[in-house]
Amino acid sequence: MFCGNCGQKLADGAKFCPSCGSPVAGSAPASAPAPVPAPVYTPAPTGDSGPYSSAAPGQAPQDFSYQTNSNPYVAPTPVTPRGGMPFVPIQADRSLPMWIILSIVTCGIYSWYFLYELARDMNVMCQNDGETTPGLAQFILLSIVTCGFYAYWWYYKIGNRMQTNAPRYGLQFQENGTTILMWQIVGALLCGLGPIFAMNIIIKNTNAMAAAYNARMGA
C-alpha cells in the first residue's frame, strides 16, 4: 500500500504516512454530515399582509410573501325574489270605483288590463303553491271557445287560490271561489250587479295580500 500524497510505501494498517504525515485514505470512517434543522414556518399576524418566514436557526429567513385581502369583510349576495329579479312592490290600493270608471271610459279595455295585472300579481304572491293563474291571452281565447264558461272557471280558481294562500301572509279570507262564482252567476240576476260584487271581493282580498307581500319583501 502506498501513500496517496507522496508515494511512500506504507506498512499494512498504517493510518498516517511516515514520510509526509498525510492520513491514509480509508483509515477512518467518514464522519456523518451535520443534520440540517427543518425550516420553521412563522405565520404573519392575523390581518397582516407580511411575509411568511422559512429559516433554520442561524440562517437568513426566506421570503414567502403573499398579498392578502385588505378588506376581509365581503357583503353577502342579497337574495331577491322572482328568480333573481329586483323586488318590485305590488299595487295594493286598487279600488272598485276606479275599476268601474276606467272600464267605462276605455270602453272595457281597462277591464282586460286589470285581468292581466291580476293574473301576474297572483302568480307572484302565490308562487310555489303548485298553481298557476293563466294570463290574459288564454283567458280571452278559452272564454271565446267555451262561450264564456271558462271565464267563470277562471274567477273560481282565483277565489280559491287567494283563500288558500292567505294564511302564508297572516290573513284569513272568508270568501272563496264558490262565493265569487255565485256572485258572478246568481248575482247577475240582480240587475247585473253580481259581477260588480264579485270584483269587489277580488279587489279587496288582492289589496290585503299585496300589502302583506310588500311589507314582507320590503322589510
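Computed over heavy atoms, backbone and side chain alike; hydrogens, waters and symmetry mates excluded.
- Rounding to the nearest 0.5 angstrom, the gap separating the CG atom in Asn128 from the CG atom in Asn165 is 10.0 Å.
- With rounding to the nearest 0.5 Å, the separation of CG in Leu136 from CG in Leu141 is 11.0 Å.
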Evaluation steps, side chain to side chain contact (heavy atoms under 4.5 Å, CB included), between Tyr156 and Gln184
CA-CA 9 Å; Tyr156 172 78; Gln184 288 279 357; over 6 Å; no

Under the side chain to side chain contact (heavy atoms under 4.5 Å, CB included) rule, what do Tyr152 and Thr146 come out as? Steps first, then yes or no, please.
CA-CA 10 Å; Tyr152 292 120; Thr146 61; over 6 Å; no

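- Under the 4.5 Å side-chain criterion, counting only non-hydrogen atoms from C-beta, Met199 is not in contact with Ile100.
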What verdict does the side chain to side chain contact (heavy atoms under 4.5 Å, CB included) test give for Cys126 and Met162, after you've listed the backbone C-alpha separation in whole Å, the side-chain angles of each residue and the deciding distance to 0.1 Å?
CA-CA 8 Å; Cys126 304; Met162 285 194 293; 5.8 Å; no

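- When the side-chain hydrogen bond (donor to acceptor under 3.5 Å, both in side chains) test is applied to Glu117, the partners found at least two apart in sequence or on another chain are Arg94, Tyr113.
- Of all heavy-atom pairs spanning Pro134 and Ala119, the tightest one is O-CB, 3.4 Å.
- Side-chain atoms of Tyr213 never come within 3.5 Å of backbone atoms of Val124 as a donor-acceptor pair (strictly under, hydrogens ignored).
- Among all heavy-atom pairs drawn from Ala212 and Tyr169, the shortest one is CB-CB, 3.6 Å.
- When all heavy atoms of Thr206 and Ile202 are compared, the closest pair comes out as OG1-O, 2.6 Å.
- Asn176 contributes atom CG, which lies 13.5 Å from atom CD1 of Ile158 (distance to the nearest 0.5 angstrom).
- Here the CD atom belonging to Gln138 is positioned 10.0 Å from the OG1 atom belonging to Thr132, to the nearest 0.5 angstrom.
- Of the residues Leu102, Ile203, Ile109, the one that meets the side chain to side chain contact (heavy atoms under 4.5 Å, CB included) test with Phe114 is Ile203.
- For residues 189-210, every residue pair satisfying the ring pair (Phe, Tyr, Trp, His ring centres under 6.0 Å) rule, not counting sequence neighbours, is listed here: Trp183-Phe197.
- Residues Tyr150 and Trp154 meet the side-chain proximity criterion, which asks for heavy atoms closer than 4.5 Å.
- With contacts defined as side-chain heavy-atom distances shorter than 4.5 Å, the pair Thr133/Lys157 does not qualify.
- Between the side chain of Asn160 and the backbone N or O of Gly177 there is at least one donor-acceptor pair closer than 3.5 Å.
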Can you list the steps and then say if Asn123 with Arg161 is a side chain to side chain contact (heavy atoms under 4.5 Å, CB included)?
CA-CA 10 Å; Asn123 288 329; Arg161 195 177 188 191; 2.8 Å; yes

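- How far CE of Met122 is from CG of Leu118: 6.5 Å, rounded to the nearest 0.5 Å.
- Note that OG1 of Thr179 and CZ of Phe173 are 12.5 Å apart. Values are rounded to the nearest 0.5 Å.
- Both Ile104 and Leu115 belong to a common hydrophobic cluster when Ile, Leu, Val, Met, Phe, Trp and Tyr are linked at side-chain heavy-atom distances under 4.5 angstrom.
- Smallest separation of non-hydrogen atoms from Pro89 and Asn214: CA-OD1, 3.4 Å.
- Other residues, nucleotides and ligands contribute at most 12 non-hydrogen atoms within 6.0 Å of the CH2 atom of Trp153.
- Remark: the backbone N or O of Ile196 is not paired with any side-chain donor or acceptor of Asn200 at under 3.5 angstrom.
- Following chains of ILVMFWY side-chain contacts shorter than 4.5 Å, one cannot reach Phe149 starting from Tyr155, and the two form parts of different hydrophobic clusters.
- The heavy-atom pair separating Gly159 from Ile180 by the smallest distance is CA-CD1, 3.6 Å.
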